[in-house]
Protein chains: 4
Amino acid sequence: MSKADKTKELIIERTAEIFNTKGFSGTSLNDMTSVTGLTKGSIYGNFKNKDEVAMEAFKFNLQIMNHLFSAEMAKKTSFRDKLLVYTDVLSNFSERKFPRGGCPILNTAVESDDTHPLLKQRAQKALLAWKDKIADILENGMETGEFKSGLNTEQVAISILASLEGAIMIRKLTDNQKYIQFAMKSLQDYIHQL
Amino acid sequence: MSKADKTKELIIERTAEIFNTKGFSGTSLNDMTSVTGLTKGSIYGNFKNKDEVAMEAFKFNLQIMNHLFSAEMAKKTSFRDKLLVYTDVLSNFSERKFPRGGCPILNTAVESDDTHPLLKQRAQKALLAWKDKIADILENGMETGEFKSGLNTEQVAISILASLEGAIMIRKLTDNQKYIQFAMKSLQDYIHQL
Amino acid sequence: MSKADKTKELIIERTAEIFNTKGFSGTSLNDMTSVTGLTKGSIYGNFKNKDEVAMEAFKFNLQIMNHLFSAEMAKKTSFRDKLLVYTDVLSNFSERKFPRGGCPILNTAVESDDTHPLLKQRAQKALLAWKDKIADILENGMETGEFKSGLNTEQVAISILASLEGAIMIRKLTDNQKYIQFAMKSLQDYIHQL
Amino acid sequence: MSKADKTKELIIERTAEIFNTKGFSGTSLNDMTSVTGLTKGSIYGNFKNKDEVAMEAFKFNLQIMNHLFSAEMAKKTSFRDKLLVYTDVLSNFSERKFPRGGCPILNTAVESDDTHPLLKQRAQKALLAWKDKIADILENGMETGEFKSGLNTEQVAISILASLEGAIMIRKLTDNQKYIQFAMKSLQDYIHQL
DNA sequence: AATGAATGAGCATTCATTCAT
DNA sequence: GATGAATGAATGCTCATTCAT
């Protein structure tokens with residue numbers, strides 16, 4: 001990895017948390033220099049502009065979240081258990097594992113309504129990919145007979161996703177882990193009954 | 001109503017949409033003057049600062065949403081039907097009725113993580129009030145025997161809330177009404193089975 | 001006295017202290033309304049502008065100071081004792097008697113260097129009148145034989161004045177009454193030897 | 001000297017005169033940019049805020065004044081002659097040598113009553129240092145027998161200081177060099193008789 | 001590849017002043 | 001004679017971005 005690449009990575013890693021916490025407009029170039037220890041010039045030497053850094057930071061945060069789920073899923077054999085990973089992880093939501101600031105897709109969705117179309121587009125893509133991932137699990141589970149046949153996988157996937165994201169939002173707003181657990185318990189029941 | 005009160009209302013009404021669309025930091029005083037046709041001085045003559053306008057705008061948006069739900073609920077007699085108002089309204093979500101920019105609680109929750117504690121607090125209060133409202137309906141429905149007895153009303157309320165908010169977020173991100181309808185269909189099933 | 005005159009007087013009395021404490025630019029119309037309990041419109045109904053109020057406030061503060069000296073002087077019979085009133089009053093300088101903020105001439109002199117020519121001119125006039133007053137006392141004392149004959153009264157007057165004003169400034173800066181007393185003791189010696 | 005240091009110096013040198021003439025509140029950022037030829041951003045890149053520039057400008061003006069006195073004193077051998085430097089310099093007061101706007105201590109003392117405590121504190125320190133400087137000269141002169149023994153050096157120092165500052169104020173207000181010379185003549189007599 | 005220094009547009013806020021009522 | 005409401009210019013300050021070195 002070249003020096004430039006290393007610097008790029010450093011910038012992404014270090015700024016990812018602020019972007020996910022303070023949002024795009026809430027994060028200033030000064031925030032970015034103080035958290036990286038670099039100068040503005042250096043950041044602009046490695047990225048076209050703030051938008052580009054934000055984009056990479058989003059991807060980085062997304063990856064952390066996705067890896068967290070994937071790693072847990074790999075340990076499970078049944079498709080139902082794979083699905084239950086989502087509720088397990090969020091029930092035991094701990095800031096050390098989950099990206100600080102919560103789900104980057106949720107955060108980006110809300111802030112970048114009109115203002116940052118590229119970022120919104122990326123978040124959109126990520127959400128749909130997530131939906132497809134869940135639908136895939138459902139599909140596979142239907143094939144093995146774990147799940148009832150004839151499920152509208154897209155509908156179920158979106159419903160699960162909505163519960164997950166809504167629960168994350170509630171936790172973010174209330175700072176109360178209890179609520180996320182309530183929502184996850186209901187979601188577990190729902191998954192069990194599929 | 002005094003002239004000042006009229007101006008205040010004008011400012012709130014006109015800025016409410018921008019705040020709910022662009023967020024607090026994304027909305028500038030210049031945005032506010034151009035949408036109201038007033039000068040900065042006039043805005044500051046009627047409000048202490050931008051925060052205060054944002055707060056009132058939040059309350060205004062919240063009221064629109066709440067009134068929308070309440071009006072529909074008033075038409076229903078059974079408690080189950082009252083609950084189904086949420087899914088109905090969101091399924092037929094149309095920008096003219098629902099506040100532009102989506103749910104103000106969701107939007108505020110995500111942006112005001114640390115930066116605007118008073119706003120966050122207000123949103124928190126609104127969310128918990130909503131939760132209590134749903135729990136009340138459940139309670140009443142349990143008393144009349146419409147719902148199964150022994151429900152953990154708070155848990156159910158939070159689960160419904162999470163689905164609603166998650167669905168709103170997904171719609172906001174994808175601009176696709178189909179998804180919100182998927183989530184609402186599942187939520188209807190859930191409510192029917194209570 | 002008409003109602004307008006009463007209001008005018010109220011404004012002058014109440015704002016005099018702020019002007020003498022915070023200075024002309026340091027005193028805002030808002031300061032003036034909050035200290036008078038009146039509205040901006042009312043102030044502008046009674047005065048052409050802020051400058052005019054400041055001018056009257058200056059005169060008011062000046063009068064307080066002058067009256068304080070005059071009252072004490074009236075009690076003295078010898079001209080030397082009349083002169084010593086200045087040192088006595090300043091040695092026992094107490095905020096209740098002396099205008100809060102110190103000598104209005106000094107304050108105006110320093111702030112209105114270029115910015116407020118009319119005010120500066122007024123302060124100039126007041127200073128020269130003070131000088132003439134002292135010179136008069138000296139003249140009279142020379143006639144009665146209390147003072148040495150042949151004094152350059154203007155020179156002596158200015159020297160006394162410089163000591164007084166310098167002492168007031170030092171007190172204002174240090175908040176230490178000790179220093180004003182030091183300077184006044186020397187000035188007493190000087191006056192005694194005239 | 002780095003470029004930043006050069007710019008800093010430029011800002012200080014160029015703004016020092018305005019601050020000493022118009023005062024702190026009277027000097028705007030726009031004044032500062034137009035006199036330096038720099039942009040606001042550049043000023044804020046080199047100083048934390050306006051207060052910091054004002055502080056440095058005060059120090060700069062103070063230094064000019066102090067250097068002026070020190071340079072003249074260095075030419076004198078007797079302590080009495082050293083003291084007489086103050087009266088000499090002020091008698092021949094010429095704007096080219098003395099900071100435009102007069103004594104920065106006087107100016108700061110009067111404006112910064114409450115509003116700018118740090119600046120006031122600095123001016124206080126400068127005044128007391130000046131007092132100690134004069135007291136030192138007196139002390140030394142007493143040791144060599146130039147001055148009468150048993151002088152209360154602090155009292156004499158303050159008295160001299162008051163005369164100097166008062167005279168500067170009178171000159172500032174009247175724009176008449178004659179008056180400062182009057183006051184200085186009396187002060188010379190006083191010093192000669194010590 | 002990175003820095004230091006600057007830019008200029010934009011920010012939220014306060015100012016003295018005006019004027020219809 | 002006084003108020004309430006507005007104006008528009010100015011305030012101090014921060015922003016993302018650029019570029020010579």
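Because only heavy atoms are used, hydrogens play no part in the values below, and waters and symmetry mates are left out as well, while side chains stay in. To find a chain, count down the sequence lines: A is the first, B the second, and so on, and within it residues start at 1.
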Asker: On DNA chain F, does the nearest nucleotide to B:Lys40 precede the nearest nucleotide to B:Ala4 from the 5' side, or the other way round? Give the residue.
Answerer: B:Ala4
Asker: Is there a side-chain contact (heavy atoms from CB on, under 4.5 Å) between B:Phe60 and B:Met65 once you walk through the steps?
Answerer: CA-CA 9 Å; B:Phe60 181 83; B:Met65 189 178 72; over 6 Å; no
Asker: Round to the nearest Å and state the distance from B:Lys6 atom NZ to F:dA6 atom C1'.
Answerer: 15 Å
Asker: Roughly, in whole Å, what's the span from NZ in D:Lys3 to P in F:dT21?
Answerer: 9 Å
Asker: Is there a Watson-Crick or G-U wobble partner for F:dG12 with both distances under 3.5 Å, and if so, which one is it?
Answerer: E:dC11
Asker: Run the side-chain contact (heavy atoms from CB on, under 4.5 Å) check on C:Ile12 and C:Phe47 step by step: do they pass?
Answerer: CA-CA 10 Å; C:Ile12 294 165; C:Phe47 294 91; 3.8 Å; yes
Asker: At less than 4.0 Å, is any side-chain N or O atom of C:Lys50 found next to OP1 or OP2 of E:dA16? Yes or no.
Answerer: yes
Asker: Among B:Lys40, B:Lys22, B:Lys50, which one satisfies salt bridge (charged side-chain N to carboxylate O under 4.0 Å, His left out) with B:Asp31?
Answerer: B:Lys22
Asker: Heavy atom of residues 26-34 of chain A under 4.0 Å from DNA chain F: which residues?
Answerer: A:Thr27, A:Ser28, A:Leu29, A:Asn30
Asker: What's the closest nucleotide to the side chain of C:Tyr44 if the choices are F:dT14, F:dT18, E:dT17?
Answerer: E:dT17
Asker: Rounded to the nearest 0.5 Å, what's the gap from CD1 on C:Ile43 to CD on C:Glu52? Could you check?
Answerer: 12.5 Å
Asker: Got a second to check how far D:Leu10's CG is from D:Ser42's OG, nearest 0.5 Å?
Answerer: 9.0 Å
Asker: Taking 4.0 Å as the cut-off, does a side-chain nitrogen or oxygen of B:Thr7 come that near to OP1 or OP2 on F:dA5?
Answerer: no
Asker: With side-chain contact (heavy atoms from CB on, under 4.5 Å) as the test, would you mind laying out the steps for B:Leu118 and B:Asp51 before giving the verdict?
Answerer: CA-CA 9 Å; B:Leu118 257 76; B:Asp51 295 61; over 6 Å; no
Asker: Please report, rounded to the nearest Å, how far the C1' atom of F:dA6 is from the CG atom of B:Leu10.
Answerer: 13 Å
Asker: Should A:Asn49 be listed as having a side-chain N or O under 4.0 Å from OP1 or OP2 of F:dT18?
Answerer: no
Asker: Got a second to check how far D:Phe24's CZ is from C:Glu111's CD, nearest 0.5 Å?
Answerer: 13.0 Å
Asker: Looking at E:dA5, I'd like to know if its phosphate oxygens (OP1 or OP2) sit under 4.0 Å from a side-chain N or O belonging to D:Asn46.
Answerer: no
Asker: Specify the separation, in whole Å, of atom CD1 of A:Ile43 and atom P of F:dC19.
Answerer: 18 Å
Asker: Between E:dA12 atom P and B:His116 atom NE2, what is the distance in whole Å?
Answerer: 10 Å
Asker: Using whole Å, report how far CD1 of C:Ile11 lies from C1' of F:dG1.
Answerer: 11 Å
Asker: Hey, which of these two, B:Gly45 or D:Lys48, hits DNA chain F nearer its 5' end, going by closest nucleotide?
Answerer: B:Gly45
Asker: The side chain of B:Ser42 is closest to which nucleotide in this list: E:dG10, F:dA6, F:dA5?
Answerer: F:dA6
Asker: Rounded to whole angstroms, how far apart are CG on A:Asp5 and C1' on E:dA1?
Answerer: 12 Å
Asker: Which nucleotide, if any, forms a Watson-Crick or G-U wobble pair with E:dA20, using both distances under 3.5 Å?
Answerer: F:dT3
Asker: Output the rounded distance in Å from NZ (D:Lys8) to P (E:dA6).
Answerer: 12 Å
Asker: Please determine whether side-chain contact (heavy atoms from CB on, under 4.5 Å) holds for the pair D:Lys59 and D:Leu62, giving the CA-CA distance in whole Å, both sets of side-chain angles, and the decisive distance to 0.1 Å.
Answerer: CA-CA 5 Å; D:Lys59 289 191 208 165; D:Leu62 184 65; 5.5 Å; no
Asker: Could you say whether D:Leu38 or C:Ser25 is positioned toward the 5' end of DNA chain E, judged by the nucleotide with the nearest heavy atom to each?
Answerer: D:Leu38
Asker: Considering only side-chain heavy atoms of B:Thr39, which listed nucleotide, F:dT7, E:dT7, F:dA5, is closest?
Answerer: F:dT7
Asker: Counting the atoms with a prime plus P, OP1 and OP2 as sugar-phosphate, which does B:Gly41 contact under 4.0 Å by heavy atoms, base, sugar-phosphate, or nothing?
Answerer: base
